[in-house]
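Read the numbers this way: they start at 1 and go in the same order the structure lists the ligands and their atoms. Source: prediction; values computed, not measured.
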Amino acid sequence: MKAVQDLNVLLSEATLDQELRSIAVKVAEGQRITDQDALVLFERGTLSFTGTLANHIRQQKHGDNTYFNRNFHIEPTNICLYTCTFCSYSRLIKKREEGWEYTHEEIMEQVRKYDGQPVTEVHIVGGVLPQYDVSFYTRLFKAIKEHRPELHIKALTPVEYHYIFKKDKISYEQGMQLMLEAGLDSMPGGGAEIFDPEIRDQIAGGKCTGEQWLRIHEIWHELGRKSNATMLYGHIEEYRHRVGHLARLRELQDKTGGFQTFIPLKFRNENNQLSHLPETTAIEDLRNYAISRIYLDNFDHIKAYWPMIGRDMAQLSLSFGVDDIDGTIDDTTRIYSMAGAEEQNPALSTEELVNLIRRVGRKPIERDTLYNVVRDYTDVIFESDLEYKGYVPLPVMN
Ligand code: V47
Ligand code: SF4
């Protein structure tokens with residue numbers, strides 16, 4: 001078996017380092033790695049070592065299947081009460097003329113723009129402002145559902161929920177129940193940043209704590225619903241903080257099973273208060289995907305957010321544990337373009353996304369938010385790709 005041969009090579013490479021060797025054995029035997037193992041991987045795991053282990057797990061979980069979905073983003077406002085130091089997107093209230101604040105009607109206009117288009121999800125997230133309260137969002141979710149009942153609403157993060165529930169003096173439990181009844185289908189993974197309180201205070205002071213972020217997801221999972229998780233890395237945190245963050249996610253996932261996807265978010269340094277920090281290298285980003293894949297054994301999916309890392313890196317990431325590319329027909333998010341992301345006007349047609357996945361030897365599968373297959377594109381070759389000569393052969397799995 002090719003995967004076992006790869007592992008044998010790795011084992012011999014790792015004979016000089018007993019700890020790496022024991023991690024490889026654990027992965028080969030399908031055992032969970034410890035927090036200390038994860039730290040060793042961050043400190044000493046080479047790109048090829050971590051990549052081979054992560055790809056082995058990816059192949060076992062998904063084969064070559066690579067998922068994407070068709071969604072669009074709505075960002076109701078970029079004015080924000082908070083002042084996260086990594087954020088390039090928000091504007092303070094005193095500079096509100098530099099930003100946007102959409103009304104209910106303006107947001108519904110954006111929703112209606114996609115009428116007749118085969119999108120399955122709307123992703124709603126933005127800044128935190130008093131006028132965007134419980135009543136604003138419940139009315140909005142209801143209006144979207146009335147207009148297009150089958151459209152999946154993936155909206156807001158514990159950062160917004162914590163603020164609006166506190167303002168309305170209702171508990172997290174009551175608040176999430178209201179959201180559920182209004183039509184919220186799932187929660188995106190944002191706002192997690194780094195859970196460690198010391199680091200969080202420095203980069204995201206004042207907004208919900210790591211504990212509160214986790215608690216709101218837990219309550220949502222207890223209501224039988226799904227959510228995602230992220231980690232913002234590559235700023236002032238150390239490897240031990242990344243491990244601590246992943247450990248909290250794995251622990252909650254053991255309890256609820258409600259997370260679908262983990263999305264590592266590389267810190268981008270343009271136009272924010274941390275611009276003096278250098279960005280992580282491509283090697284570090286791939287290692288981070290790989291180690292996340294190895295450590296989070298109870299997460300089904302690892303997602304690369306292509307508008308942030310660019311198309312080439314998204315393709316590469318598929319060999320380092322990633323099985324999902326956040327595909328969109330017309331990505332209108334500005335969170336990353338304002339922070340110096342690779343894609344300034346991120347928009348990929350389904351055809352381009354399918355070609356991008358196929359060209360690195362993977363199988364493109366369109367999914368909905370809950371990973372039901374919408375269409376398997378494995379055997380669909382578009383005319384635009386007929387002349388393409390550089391296909392990577394699919395790995396042979398005997
Ligand atoms: O929480 C903000 C991050 C997040 C920067 O669940 C930055 O499917 C890097 O969570 N450099 C919001 N990152 C986006 C998010 C997300 C994206 C795609 C898919 C899903 C999903 C969730 O963006 C924030 C923050 O961690 N962010 N500024 C920056 N300068
Ligand atoms: Fe506001 Fe979110 Fe930006 Fe923080 S990351 S300043 S909460 S928009």
**Request:** Using a strict cut-off of 4.0 Å, indicate which atoms of ligand 2 neighbour a heavy atom of Lys207.
**Result:**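 Near Lys207, the atoms of ligand 2 are 4 (Fe), 5 (S), 7 (S).
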**Message:** Under a 4.0 angstrom heavy-atom cut-off, which atoms of ligand 2 come close to Cys87?
**Reply:**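 Taking each heavy atom of Cys87 in turn, ligand 2 has 3 (Fe), 5 (S), 6 (S) under 4.0 Å.
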**Asked** Taking non-hydrogen atoms only, is Lys266 closer than 4.0 angstrom to ligand 1 via side chain, backbone, both or neither?
**Response**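 Backbone only; the side chain of Lys266 stays clear of ligand 1.
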**Asked** Is it the side chain (CB and beyond), the backbone, both or neither of Thr261 that lies under 4.0 Å from ligand 1, heavy atoms counted?
**Response**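 It is neither; nothing of Thr261 touches ligand 1.
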**Request:** Check each atom of ligand 1 against the heavy atoms of Phe267 and keep those under 4.0 Å away; list them by number with element.
**Result:**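 This gives 9 (C), 11 (N) as the contact atoms.
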**Request:** Note the single closest protein heavy atom to atom 1 (Fe) of ligand 2, along with its residue, its atom name and the distance in Å.
**Result:**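 Among all protein heavy atoms, the one nearest atom 1 (Fe) of ligand 2 is Cys80 SG, 2.3 Å.
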Backbone or side chain, does any N or O of [X] fall under 3.5 Å from an N or O of ligand 1?
X: Lys154; value: yes
X: Cys87; value: no
X: His123; value: no
X: Ile263; value: no
X: Tyr305; value: no
X: Pro188; value: no

**Item:** Lys303 touching ligand 1 at heavy-atom level, < 4.0 angstrom
**Value:**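 Checking ligand 1 against Lys303, which is what was asked, there is a heavy-atom contact under 4.0 Å.
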**Message:** Quick check on Met187 - does any of its heavy atoms sit under 4.0 Å from an atom of ligand 1?
**Reply:**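 False for this residue.
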**Asked** Any N/O/S atom, backbone or side chain, of Cys84 lying under 2.8 Å from atom 3 (Fe) of ligand 2?
**Response**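 Checking atom 3 (Fe) of ligand 2 against Cys84, no N, O or S atom falls under 2.8 Å.
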